[in-house]
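This report refers to the structure that appears directly beneath it.
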Amino acid sequence: MEHIEVKRKKVDTPTVASLYFEWDARVLPGQFIMVWVPGLGEVPMSLSKTGKEKCITVKAYGESTGKLAKTEVGELITLRGPYGKPFKKSGGDILLIGGGSGMASLRPLINRRSTGIIASRTPEELLFSEEFNADKRIEVTEDGRKGIKGIVLDGMDMVNPEDFSMIYVCGPERMLKAVYDKIKDKNVNAQFSLERSMKCGIGLCDSCSVNGYQVCVDGPVFDMNQLRDMTEFGTSKLLASGKRVKI
Amino acid sequence: MEHIEVKRKKVDTPTVASLYFEWDARVLPGQFIMVWVPGLGEVPMSLSKTGKEKCITVKAYGESTGKLAKTEVGELITLRGPYGKPFKKSGGDILLIGGGSGMASLRPLINRRSTGIIASRTPEELLFSEEFNADKRIEVTEDGRKGIKGIVLDGMDMVNPEDFSMIYVCGPERMLKAVYDKIKDKNVNAQFSLERSMKCGIGLCDSCSVNGYQVCVDGPVFDMNQLRDMTEFGTSKLLASGKRVKI
Amino acid sequence: MISLTTNTGGLKLESPAILASGILDENGYTMKRILDEGAGAVVTKSIGTEERNGYFSPVVAPEGSYLINAMGLPNPGIDFFRDEINIALKSGKPIIGSIFASNTDDFLKLALKMQDYGVSAVELNLSCPHVQGFGSEVGSDPVLVKDIVKNLKGTLKIPVWSKLSPNVTSISEIARASSESDALVLINTVRAMAIDVESKRPVLTNVYGGLSGKAIKPVGLRCVYEARKECDIDIIGVGGIYNYRDALEYIMAGASAFQIGTALMEYGRKVFGDIAMDLESYLKKNNVANIKELVGVAVQ
Amino acid sequence: MISLTTNTGGLKLESPAILASGILDENGYTMKRILDEGAGAVVTKSIGTEERNGYFSPVVAPEGSYLINAMGLPNPGIDFFRDEINIALKSGKPIIGSIFASNTDDFLKLALKMQDYGVSAVELNLSCPHVQGFGSEVGSDPVLVKDIVKNLKGTLKIPVWSKLSPNVTSISEIARASSESDALVLINTVRAMAIDVESKRPVLTNVYGGLSGKAIKPVGLRCVYEARKECDIDIIGVGGIYNYRDALEYIMAGASAFQIGTALMEYGRKVFGDIAMDLESYLKKNNVANIKELVGVAVQ
Ligand SMILES: Cc1cc2nc3c(=O)[nH]c(=O)nc-3n(C[C@H](O)[C@H](O)[C@H](O)COP(=O)(O)OP(=O)(O)OC[C@H]3O[C@@H](n4cnc5c(N)ncnc54)[C@H](O)[C@@H]3O)c2cc1C
Ligand SMILES: Cc1cc2nc3c(=O)[nH]c(=O)nc-3n(C[C@H](O)[C@H](O)[C@H](O)COP(=O)(O)OP(=O)(O)OC[C@H]3O[C@@H](n4cnc5c(N)ncnc54)[C@H](O)[C@@H]3O)c2cc1C
Ligand SMILES: Cc1cc2nc3c(=O)[nH]c(=O)nc-3n(C[C@H](O)[C@H](O)[C@H](O)COP(=O)(O)O)c2cc1C
Ligand SMILES: Cc1cc2nc3c(=O)[nH]c(=O)nc-3n(C[C@H](O)[C@H](O)[C@H](O)COP(=O)(O)O)c2cc1C
Ligand code: FES
Ligand code: FES
């Protein structure tokens with residue numbers, strides 16, 4: 001386990017904060033770490049910056065992430081990793097589709113030629129949309145107070161997916177599945193970053209598995225071909241106990 | 001532990017055999033390995049060749065070495081190491097003084113400019129003396145059937161130790177001590193390779209220690225300065241049980 | 001014809017490399033994949049009578065050469081596990097149902113359900129070192145162990161394997177107590193813990209956990225060897241097996257098959273196929289027709 | 001003023017880093033050198049009533065992260081050990097005399113001689129895992145342990161330390177049985193073995209040996225932590241300590257001093273001075289005046 005000082009902090013939205021730190025590990029976009037919040041739990045977090053300066057972008061969701069998001073500059077975060085397989089790079093115009101805190105793992109992919117579809121419930125929760133070129137930024141809010149009113153799929157109607165050399169998608173699994181279904185028969189390349197609950201992060205505990213693939217080591221990034229045969233994708237998962245439930 | 005095939009074998013004297021093998025470890029002259037003879041014991045052996053081809057030169061002394069010396073080409077030897085600190089190199093004219101199987105560890109130092117004093121009981125037991133230039137070879141036998149009759153010290157009277165940039169000595173500890181006493185007040189540089197009985201070879205068991213220095217890790221090579229303060233050198237040692245006896 | 005086929009613990013295995021309980025065996029699809037990718041059999045996660053979430057994270061503390069875990073026996077409860085076994089059974093290879101309980105009656109109930117679900121054998125977890133009232137607390141009592149094994153053997157049609165703990169004064173004593181089993185599975189993890197110096201607290205939420213991986217291979221070998229000398233019963237070796245040489249050590253110490261867990265952290269699921277392939281090459285090179293011939297050859 | 005000075009087990013130590021029994025402590029000159037080079041104290045090789053050569057080699061099987069040894073308690077017998085202690089005493093620092101025996105009378109006889117020779121404390125080896133009739137065979141019997149400790153405490157003027165084995169079902173039970181000691185020393189090696197696949201035989205001549213080094217740190221920590229919760233007695237931690245962070249883990253788990261053995265294989269004798277220096281820097285950086293303040297802080 002490593003203990004690393006938070007050098008810089010930015011409150012991105014009312015429920016999301018980014019913690020910046022220096023860590024000499026080599027990390028690629030799409031990879032994640034396990035962050036320990038002593039006394040509360042250990043949570044997987046994508047790296048939202050992967051250069052010399054690293055960053056995690058935390059949505060205060062439950063107890064652990066709630067406490068983690070309150071970490072202040074000068075305090076230490078305790079982590080292990082990096083884990084998982086990164087996004088495969090692609091030249092040309094790319095499309096990033098992010099729902100909620102899913103934008104965190106997509107952020108390192110943002111560049112001049114990336115178009116973003118950023119979706120959230122409210123305008124305040126739109127994450128990292130300002131990092132896209134103004135003309136390549138499609139904002140979608142459920143309450144419609146900013147950008148398009150609706151969900152991610154509504155945002156996708158604003159573009160032709162086949163115009164992009166690669167589509168990168170991250171967000172809740174139901175959203176991923178919806179996007180997948182929308183583009184699965186089109187002539188597109190796409191990579192999806194899955195978020196399953198994780199206990200070990202190192203391919204042992206089976207809590208993150210989808211049809212025998214461990215999201216923590218075989219993923220979190222999967223391409224369309226891999227997802228095609230995954231009957232569990234978007235349909236069922238195991239609870240902490242291992243009990244199977246519908247998604 | 002490593003298992004390495006004997007590629008070549010040479011019976012050097014009636015009681016000594018050299019086993020040649022290829023082993024990709026980096027070994028320097030003076031270092032040794034622990035060789036396991038299953039069912040009998042594990043014995044320290046100097047490397048008598050330290051290049052790409054390695055060699056151990058075994059004197060059939062007790063049960064383990066007796067069996068080891070009988071190893072045939074194509075059979076495996078089982079070893080760990082290399083261990084110990086090597087001889088420090090020296091340019092110029094050097095003097096090698098070896099008693100009995102002590103010549104084994106000195107052998108990799110033999111070159112154009114080395115003079116050898118090779119001592120043994122009988123002519124048949126003179127080890128590696130043919131590897132010295134004929135004019136730089138001083139043979140000493142106790143029975144006097146070849147070379148000088150006498151012991152190592154008698155051979156030393158044939159040269160002026162101060163003519164050499166470095167003197168290397170290896171043999172039974174009593175011989176080492178005699179050589180040491182003979183040259184200790186002269187203006188010479190010398191390195192002595194000690195042979196204490198060894199159980200572990202890795203600095204834990206204390207069976208090879210001389211005044212708190214472990215021959216297996218601090219040695220086997222010691223210089224004159226180090227030996228100066230060693231009151232145990234040439235005087236006392238511990239038996240297998242740890243009981244102190246005179247040498 | 002070189003062969004890795006083994007008859008052990010009442011089962012016939014195409015390969016002696018078995019997935020150990022608790023690693024990638026909660027989800028039926030995962031078990032099926034591991035079998036399809038080369039394991040000779042899989043042991044399921046240990047299943048109890050009731051649903052348990054296990055401990056809060058951190059539940060693992062990974063280090064270079066070992067892992068400490070305290071999952072806390074998470075499991076959906078036996079009734080909800082039928083579906084997972086059904087999925088796994090599609091592989092056509094043996095599934096061994098691991099079960100844990102604190103008394104003979106519950107063990108029997110669980111074992112009968114497992115048998116009903118179609119598993120090839122049950123493995124009794126008498127050895128988990130970090131959950132009160134279960135595992136090694138049960139497995140360190142020779143009288144209770146004897147009673148459980150006896151009752152199960154008297155009732156079940158499928159073989160019964162007993163998985164024992166190294167955390168006992170005498171493995172021989174417990175081996176003897178469970179010698180009516182069809183096989184002994186040795187070893188479960190060694191009771192252990194880790195402390196985080198920075199936050200000045202134990203790393204695992206449960207404080208105590210079980211040590212596995214490379215670090216425990218010498219302990220597992222010793223237990224297999226001791227049990228081999230104590231009783232004439234099939235032994236499945238487990239603990240720190242990472243490659244075919246580790247497996248051969250266990251086989252030469254007396255195990256007729258072996259299980260792999262923590263090595264997946266280093267090599268992933270392909271470890272089963274890789275080890276089987278390497279074992280085959282070894283047999284070929286050394287002119288050994290069947291791996292069985294090597295079982296126990298190092299025992300003196 | 002930063003300080004590493006510790007009062008533990010009835011002794012005052014300048015540094016909590018102690019040489020463990022059995023490593024570089026057979027020869028008086030070696031013990032003296034290790035003290036001169038920075039150890040806070042040394043424990044001698046375990047000494048018995050009679051001379052023993054120990055086992056034939058191989059007596060050690062070193063691996064990357066651990067060592068297995070079966071020296072077989074070689075020792076010159078207590079009478080011949082007086083001279084070695086005399087040499088070591090010249091360092092002026094505490095020598096702790098380790099002794100092994102199979103019954104109370106012999107333990108008493110050995111301890112009285114050690115006291116006579118001028119050692120600062122005796123350490124009872126109740127835990128060597130590989131010699132029949134001694135060590136852990138004695139140390140796993142709580143009644144015998146209690147009797148030995150009681151008798152020695154009633155007779156000796158110097159402190160009595162009990163070194164316990166992890167190879168027991170309940171460390172708490174043995175800790176309780178030896179709780180009249182001035183300190184518990186935890187742990188001795190874990191019973192283990194290794195097999196050489198090539199020659200198809202156990203590596204160690206004695207077959208069984210004791211596992212030490214990095215691999216057993218999690219086990220040692222767990223034993224210290226368990227004993228700390230069980231009884232209110234000074235604890236000396238030992239097992240896999242290689243650097244100051246390992247030492248801190250033991251201290252935070254409840255040890256007030258620690259011993260080092262196998263780490264010498266990696267770092268040599270300087271490990272004592274290095275760890276003491278690093279501990280001092282740590283205390284300075286973290287504003288801790290005395291290492292004592294950290295003892296047991298991780299215990300929940
Ligand atoms: C690959 C990956 C990357 C991610 N990246 C990000 C990111 O960049 N930013 C972000 O905001 N989120 C990210 N997430 C999601 C994030 O990890 C979750 O939101 C977070 O785990 C929720 O933790 P919590 O403690 O706040 O929630 P809670 O619901 O309070 O607790 C969840 C934690 O407690 C444990 N737990 C809860 N209940 C029980 C129980 N009954 N028994 C046992 N254990 C229990 C769980 O195992 C887990 O550790 C990512 C997830 C994945 C898988
Ligand atoms: C650094 C070094 C380098 C050496 N290099 C060479 C070399 O190049 N060539 C060479 O010929 N020799 C060399 N020697 C000497 C060689 O190691 C010894 O001759 C050899 O150890 C003798 O072994 P043996 O089994 O033949 O003798 P034995 O006397 O039969 O047996 C000695 C072995 O048995 C063990 N043993 C014997 N009795 C007991 C007992 N009662 N209890 C427990 N254990 C016992 C000893 O520990 C040892 O392992 C070297 C020695 C050292 C220290
Ligand atoms: C994460 C994890 C979970 C485990 N869960 C169980 C379990 O539920 N039941 C069981 O009998 N053993 C369990 N074990 C023990 C393993 O089956 C195995 O006995 C042990 O890990 C030693 O083997 P290894 O070194 O190959 O991992 C678990 C081990 C690990 C690492
Ligand atoms: C070579 C060797 C010899 C040992 N001999 C003894 C002994 O005689 N008496 C004893 O109490 N412990 C003995 N031990 C155990 C150590 O004192 C120590 O408890 C154990 O090795 C764990 O610590 P470590 O990991 O730092 O080595 C020995 C250990 C080794 C490695
Ligand atoms: S989180 Fe444990 S297997 Fe993926
Ligand atoms: S041989 Fe053991 S210390 Fe040198």
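Just so it is clear: chains get the letters A, B, ... in the order the sequence lines come, proteins before strands, and each one is counted from 1. Just so you know, these numbers come straight off a predicted model, no measurement behind them.
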- C/Glu249 versus D/Met193: any side-chain heavy-atom pair under 4.5 Å? no
Contact origin within [X] toward chain C - heavy atom pairs under 4.5 Å:
X        : result
D/Tyr250 : neither
D/Val190 : side chain
D/Leu294 : side chain

- Pick whichever of C/Ala298, C/Ala253, C/Pro218, C/Ala215 has the most heavy-atom pairs under 4.5 Å with chain D. C/Pro218
- Item | Residue among C/Lys214, C/Met252, C/Lys200, C/Arg191 with most heavy-atom pairs under 4.5 Å to chain D |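 Sorted descending by pairs with chain D, the first entry is C/Arg191.
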- Task: May I ask you to list the residues in residues 138-146 of chain C that approach chain D closer than 4.5 angstrom, counting heavy atoms only, ordered by number?
- Result: C/Ser140
- Query: Can you name the nearest heavy-atom pair linking D/Glu198 to C/Arg245, along with the distance?
  - Reply: OE1-NH2, 3.1 Å
- Note on the structure: In short, C/Arg222 meets D/Tyr208 closest at the heavy-atom pair CG-CD2, 3.7 Å
- Considering only heavy atoms and a distance below 4.5 Å, find which of D/Asp196, D/Val197, D/Ile171, D/Leu221 pairs most often with chain C.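 Heavy-atom pair counts peak at D/Val197.
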- Item | When D/Cys223, D/Ala194, D/Ser65, D/Pro202 are compared by non-hydrogen pairs under 4.5 Å with chain C, the top option | D/Pro202
At a 4.5 Å cut-off on heavy atoms, which part of [X] comes close to chain D: side chain, backbone, both, or neither?
X        : result
C/Gln300 : side chain
C/Val207 : side chain
C/Ile68  : side chain
C/Ile251 : neither

- Note on the structure: Filtered by a 4.5 Å non-hydrogen cutoff, the part of residues 224-243 of chain D contacting chain C is D/Tyr225, D/Glu226, D/Lys229
- Item | From NZ (D/Lys217) to CG (C/Leu211), nearest 0.5 Å |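 Spacing of NZ (D/Lys217) from CG (C/Leu211) equals 11.0 Å.
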